[in-house]
Student: 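So that we are looking at the same thing, I have put the structure below in C-alpha cells.
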Amino acid sequence: MARFTTLSAAVAELIRDGDVVALEGFTHLIPFAAGHEIIRQGRRDLTLVRMTPDIIYDQLIGMGCARKMIFSWAGNPGAGSLHRFRDAVEHAVPHLLEIEEHSHAGMAARYQAGASGLPFGILRGYAGTDLATITPTIGWITCPFTGENLAAVPALRPDVGVICAQQADRDGNVMLWGITGVQKEAVLSSKHSIVLVEEIVDSFSPRTNGVVLPAWVVDAIAVVPSGPYPSYAQDYSERASSFYTYWEPISRDRGAFLEWMDQHVLATTNHAGFLESLDRELVVETHG
Amino acid sequence: MAEPGATSAVDTWTSDEMMTVAAARELTNGTVCFVGIGLPSTAANLARTTSAPDVVLIYESGCIGSKPDHLPPSIGDGVLARTADAVVAVPEIFAYWLQSGRVDVGFLGAAQVDRRGNINTTVVGDYHSPTVRLPGAGGAPEIATSCGRVIITLRHNPRALVEKLDFVTSVGHGDDPDARRRLGLPGAGPQTIITDLGVLRYDRVVNEFVLTSVHPGVEVANVVQATGWRLLVAETVAQTVAPTGDELSALRRFAGS
C-alpha cells in the first residue's frame, strides 16, 4: 500500500546496490529527480532498465552507478549522443558497462509479460536482424495454432520501478496522462515501486487518455514538483528542450561532466536545490 | 496564397531542404504513416501541411493522428500528445497499431543503409568494441517488419550508403528477393531511399536500389561517387522537381517556428 514519504527516504529504503531498477518515462514524465537521488546516495552495480535511456541514464552511468543497461534506444533526443554511455561502451570509462539491447517492441513485450506475470512475451519482430544474434534474451517460438514462427522475449521483473505522475490523491492512488509510455507496465512488473508526483489533490478530474494506478500497487509516493525536469509533466510544465542541447558539450567532456555533477547534484540535497543551482535561463523555459 | 517572398525563395534552397521536400512528396493523402525521429518527422509534417492534409501521423511515443503546429525536437513532445486524436501506451502502439498491419508507410532514418535497404542504427565497427556506438534500434526493426512499405531518408555519402553494413538493425530485403517472405516479414519493405542528392527505388528483379532521379544541380556521376556500392542507374534518370515556393515557405515556417 502506498505510503507518502520523501524521495530520499524512498530511495534509501527501496533501492539497494546490485538491484535491477527501471526509471521509465518516454520523453514525458522522466524521473530525473530520482536518478539524481540515486547518484547522491552512491548506489553501485545497478542494472538499469529503460526503453529510451537519455540524459539521466547518461549521468548514472558516468557517475559509476551502473553495471549493466537493458535498453532499446540510447540517445539524447533531438540533440545528439549520450557521451558518458558511449565512453563506457567504447572505452570502458569509468568502467565496462554490460549491455543487453532490444527493439522498442521487444522491450514493450518484456514489460507487458512482467506486468502480466507471464514468463515471456511474443512479437513479430527481430527476424533477420543481428540483434537476434547478439542478444541472448531473444528466442523463437512456434505458434501452436498457425505454425507461425515468432520472437519470444523474457519478462522483465525489475526490483524497483520508478516513475513520475502528475497527481496522487490523499489515499495514495496515482494519476498520469499525456504520453504515458510504458510507466504502468514498469510499476506492475516491478517488485517495488516509487512514484514522484507534482502534487496531491483531493480527487482526480477525468482526463483524456488518463491512467490511474491504485494505491495498493505502489510502495512509495514522494511529492517532487518538477521532478521530471528537464523532461516535463503535461499541464504542469513544458519540456526544457534547451537543456538537452546544453547537455551535449558537458556530456562530451568527462572533466566537465564530473564538475557539473559535483556542483549541481552532489552539492545539492534535493531536487529543489538542484533546480535552484541551475542557470536561470535553463529553468525559466519550463517554469516561467 | 503564397506568403510575401515565397516566390523569390524558390531560387535558393539547401540540399537538406530538397531532401525533405522530396520525402514529403512520397506521402499521399490519407496514408497512415509511422514516423521515425529526426528528418522523417520533418518530412511527414511538411506533407501534412502541404500536399497531404489528411495523412495520419503515428509516433512511437503512442501519439496517433498528431497535428503539431511546430516541429517537435523529440518524438515525445507535449505538442504531439495535445494535438493527437488518441494517445495510447507504448506497448499498445507497437502491438495493436503497428504489428497488426494498420500502418501503410514507415518513415525511417538510418546511419547506414545497404543496396537492399537493410539498415544499421546500432554500431560502426565491431559490435563488442565499436568505433562509434549509435543509439540502437528504437522502433525501427518492427516498423521495417510490419508497415505496408518503408521510405528511408538519409544524407548521401559513402559512409552512409555502404557496401556492407557493420550491423543489421532492421531488415530491408535481406540477401535475396525472397528473404522477407522466408523471414515472415509481412510488409513490402523499403521501396524508396531519398537522399540529399536524389531518389533511389527498389527494383525487385535485380533486388537492389536503383537511382531513378537526381535533384536539380546534381549529376548522376556525383551520386554514383557518393555511394559506397556500385550503384545501378535507371535507363532514364529523371530530374526531381525543385522545391516550390509553397513547399519551401511551409517547411521554413514549420521548422523555424
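Reminder, nothing fancy here: chain letters follow the sequence lines and each chain counts from 1. What you see is a predicted model, and the numbers here were worked out from it, not measured in a lab.
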Student: Against chain B, label Y111(A) side chain, backbone, both or neither, depending on which of its atoms sit under 4.5 Å from a heavy atom there.
Tutor: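 When you check distances to chain B, no heavy atom of Y111(A) falls under 4.5 Å.
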
Student: What residue in G76(B), G138(B), G174(B) has the most heavy-atom pairs under 4.5 Å with chain A?
Tutor: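 Heavy-atom pairs under 4.5 Å are most numerous for G138(B).
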
Student: Between chain A and each of V79(B), V88(B), T131(B), count heavy-atom pairs under 4.5 Å; write down the option with the most.
Tutor: T131(B)

Student: With chain A as the partner, which of P135(B), A137(B), G136(B) has the greatest number of non-hydrogen pairs under 4.5 Å?
Tutor: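 Highest number of heavy-atom pairs under 4.5 Å: P135(B).
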
Student: Could you tell me which residues in residues 140-161 of chain B have at least one non-hydrogen atom under 4.5 Å from a non-hydrogen atom of chain A, sorted by residue number?
Tutor: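 Result: P141(B), E142(B), T145(B).
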
Student: Picking from V89(A), N149(A), T180(A), which has the most non-hydrogen pairs under 4.5 angstrom with chain B?
Tutor: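 Highest number of pairs under 4.5 Å: V89(A).
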
Student: As an exercise: rank A95(B), A81(B), G139(B), P91(B) by heavy-atom pairs under 4.5 Å with chain A and give me the winner.
Tutor: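 Answer, by heavy-atom pair count under 4.5 Å with chain A: P91(B).
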
Student: Quick one: pull up OG in S74(B) and CD1 in I179(A) and give me the separation to the nearest 0.5 Å.
Tutor: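 It comes to 7.0 Å.
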
Student: What part of V123(B) gets within 4.5 angstrom of chain A, counting heavy atoms only: side chain, backbone, both, or neither?
Tutor: neither

Student: With respect to chain B, which residue among P77(A), G75(A), S72(A) yields the maximal number of heavy-atom pairs within a distance under 4.5 Å?
Tutor: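 The candidate making the most pairs under 4.5 Å is S72(A).
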
Student: Between T27(A) and I75(B), is a side chain to side chain contact (heavy atoms under 4.5 Å, CB included) present by the stated rule, with each step listed?
Tutor: CA-CA 8 Å; T27(A) 311; I75(B) 45 79; 4.1 Å; yes

Student: For a quick test of reading the model, state the closest non-hydrogen atom pair linking T129(A) to T169(B) and the distance between them.
Tutor: CG2-O, 3.3 Å

Student: Using 0.5 Å steps for rounding, measure from the NE2 atom of H104(A) to the CD atom of E60(B).
Tutor: 4.0 Å

Student: Closest heavy-atom contact between G78(B) and Y232(A)?
Tutor: N-OH, 2.9 Å

Student: Name the region of H102(A), side chain, backbone, both or neither, that has any atom closer than 4.5 Å to a heavy atom of chain B.
Tutor: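 Backbone of H102(A) only, per the 4.5 Å heavy-atom cut-off to chain B.
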
Student: Any side-chain heavy atom of R124(A) sitting closer than 4.5 Å to one from P186(B)?
Tutor: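 In contact.
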
Student: Are any of the side-chain nitrogens in K184(A) or E92(B) under 4.0 Å away from the carboxylate oxygens of its partner?
Tutor: no

Student: Which atom pair, heavy atoms only, marks the closest approach of R82(B) to Q234(A)?
Tutor: CG-NE2, 3.1 Å

Student: I'd like to verify something: which residue of S81(A), G178(A), G128(A) has the highest number of heavy-atom pairs under 4.5 Å with chain B?
Tutor: G128(A)

Student: Are E238(A) and D77(B) packed together at the side-chain level, in the sense that at least one heavy-atom pair is separated by less than 4.5 angstrom?
Tutor: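 No - every pair of side-chain heavy atoms lies 4.5 Å or more apart.
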
Student: Taking atom CG of L131(A) and atom OG of S170(B), what is their separation to the nearest 0.5 Å?
Tutor: 8.0 Å

Student: Calculate, to the nearest 0.5 Å, the distance between atoms CG and CH2 belonging to L134(B) and W73(A) respectively.
Tutor: 10.5 Å

Student: For the candidates E101(A), Q112(A), E185(A), which exhibits the highest count of non-hydrogen atom pairs separated by less than 4.5 Å from chain B?
Tutor: E101(A)

Student: Which heavy atom in E90(A) sits nearest to a heavy atom in P130(B), and how many Å separate them?
Tutor: CG-O, 3.8 Å

Student: For chain A, which candidate among V87(B), V171(B), L183(B) shows the most heavy-atom pairs at distances under 4.5 Å?
Tutor: V87(B)

Student: Non-hydrogen atoms of chain B under 4.5 Å away: do they reach the side chain of M107(A), the backbone, both or neither?
Tutor: neither

Student: Any side-chain to backbone donor/acceptor pair from Y127(B) onto I134(A)? Under 3.5 Å, distance only.
Tutor: no

Student: What part of Y244(A) gets within 4.5 angstrom of chain B, counting heavy atoms only: side chain, backbone, both, or neither?
Tutor: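 Neither the backbone nor the side chain of Y244(A) comes within 4.5 Å of chain B.
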
Student: As an exercise: rank P53(A), A74(A), A108(A), A92(A) by heavy-atom pairs under 4.5 Å with chain B and give me the winner.
Tutor: A74(A)

